[in-house]
2 protein chains.
Amino acid sequence: MKHTFDALCEKLHEKAYKLTPQREVILRAFIEDGEGHLSAEDVYNLVKTRNPDIGLATVYRTLDLLAELDILHKMDFGDGRSRYEFCDREEHHHHHLICICCNKVAEFDDDLLETLEAVIARKSDFKILDHDVKFFGLCKECQNKS
Amino acid sequence: MKHTFDALCEKLHEKAYKLTPQREVILRAFIEDGEGHLSAEDVYNLVKTRNPDIGLATVYRTLDLLAELDILHKMDFGDGRSRYEFCDREEHHHHHLICICCNKVAEFDDDLLETLEAVIARKSDFKILDHDVKFFGLCKECQNKS
DNA sequence: TTGATTGCAAAATATTTGCACGTCA
DNA sequence: TGACGTGCAAATATTTTGCAATCAA
């Protein structure tokens, strides 16, 4: 928790960006939120309780910044809005299980995908830098709904 | 090619939908286009040469319809617009390789992912119905640019 | 005939940008 | 102090929707 702020300060300093209350409170929203997968509007609403004057544009700009600094990872679950979570949780081997019934997003850890990346690298001339793997289906609760 | 139209007619009939020139010409755009991965605007532009009076809203409505009929598959490459390709090409084991430099989309066939799905099904209580796998990186041309 | 379908324009949604003002370093 | 950052409103971009006119079955 503390080290996340320290990392922010350091990375901001490196690129001559400034530490502002808005940036701090937005990062705190992610630290305090257990769920992850926050959208810009989610963050905006969380942050407004502590900082009612913050603008939505600032939230967007800050999320971009935090993604550029490799603190947050921007992702897309196909519902028309971008979502963000901490990069370090995205250690390249956790995948998202998206329930098409209740829209909950669960996670699954696995590194089998590295095998697939190795196959692709060998068979094609494509240099893989990142991947995005989503599984759509029914979560436990929705399976039992009938 | 012919069978695609027949499939359309049959599926339309089943649900009491009508076969209109607009629907026909939009489907034809996909048949005649080799590349695939067409966006609504791509389709609109292709179709306007034969049917200059068509409206963009009709294109959107028809793409939704064709997706509902399992003729097209709606997908999202994270560039802020939806793209569509024939369902039968999406036989659950071809993945997309998206170049982060030139935005070209290549494809890669593999069924290794079925192994991963089996692992997930066994270890979690999630019933997988579909998946979406994208790899981001540099295509051959862009690797040789710098 | 008649309900589905269309084209148009307006609305909705998510995100970005210009700009005057404010603030961190 | 001065460049960076912010809030607001307006602009974009994509997709959706209301509605009167049109068309397929």
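Letters A, B, ... are given to chains in the order of the sequence lines, protein chains preceding strands, and every chain is numbered from 1.
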Note to self: As a test of understanding, state which of B/Glu114, B/His95, B/Glu117 forms a side-chain hydrogen bond (donor to acceptor under 3.5 Å, both in side chains) with B/His131.
What the structure shows: B/Glu117
Does [X] have a side-chain nitrogen or oxygen under 4.0 Å from the phosphate oxygens OP1 or OP2 of [N]?
X: B/Tyr60; N: D/dT15; answer: yes
X: B/Gln22; N: C/dG7; answer: yes
X: B/Ser82; N: D/dT15; answer: yes
X: A/Arg61; N: C/dT17; answer: no
X: A/Thr20; N: C/dT23; answer: no
X: A/Ser39; N: C/dA14; answer: no
X: B/Thr58; N: C/dT6; answer: no

Rounded to whole Å, how long is the line connecting atom [atom1] of [X] with atom [atom2] of [N]?
X: A/Glu24; N: C/dT23; atom1: CD; atom2: P; result: 16 Å
X: B/Lys18; N: D/dC23; atom1: NZ; atom2: P; result: 12 Å
X: A/Tyr44; N: C/dT16; atom1: OH; atom2: P; result: 16 Å
X: B/Asp53; N: C/dT5; atom1: CG; atom2: C1'; result: 15 Å
X: B/Arg83; N: D/dT15; atom1: CZ; atom2: C1'; result: 15 Å
X: A/Tyr17; N: D/dA3; atom1: OH; atom2: P; result: 16 Å
X: B/His13; N: D/dA25; atom1: NE2; atom2: P; result: 9 Å
X: B/Asn45; N: D/dT14; atom1: CG; atom2: C1'; result: 14 Å

Using a 3.5 Å distance criterion without hydrogens, assess whether the side chain of [X] forms a donor-acceptor pair with backbone atoms of [Y].
X: B/Lys134; Y: B/Asp76; answer: yes
X: A/Gln143; Y: A/Leu138; answer: yes
X: B/Asn51; Y: B/Val47; answer: no

Among the nucleotides [options], which one has an atom lying closest to any side-chain atom of [X]?
X: A/Leu56; options: C/dT15, C/dT6, D/dT15; value: C/dT15
X: B/Ala40; options: D/dT16, D/dT15, C/dA14; value: D/dT15
X: B/Arg81; options: D/dG5, D/dT14, D/dG7; value: D/dT14

Notebook entry, point to check: Axis-to-axis angle across the helix from C/dT1-D/dA25 to C/dA25-D/dT1, five pairs an end, to 10 degrees?
Noted result: 30°
Next item on the list: Answer yes or no: is there an ion pair linking B/Arg83 with B/Asp42, defined by an N-O contact shorter than 4.0 Å?
Entry: yes
Note to self: By nearest heavy atom, map B/Asp79 and A/Asn51 onto DNA chain D; which one lands nearer the 5' end?
What the structure shows: A/Asn51
Next item on the list: Measure the NZ-CG distance between A/Lys140 and B/Asp125 for me, rounded to the nearest 0.5 Å.
Entry: 4.5 Å
Notebook entry, point to check: Is the NZ atom of A/Lys127 crowded by more than 12 outside heavy atoms at less than 6.0 Å?
Noted result: no
Item checked: For B/Tyr60, all residues meeting ring-ring contact (aromatic ring centres under 6.0 Å, His included), sequence neighbours excluded -> none
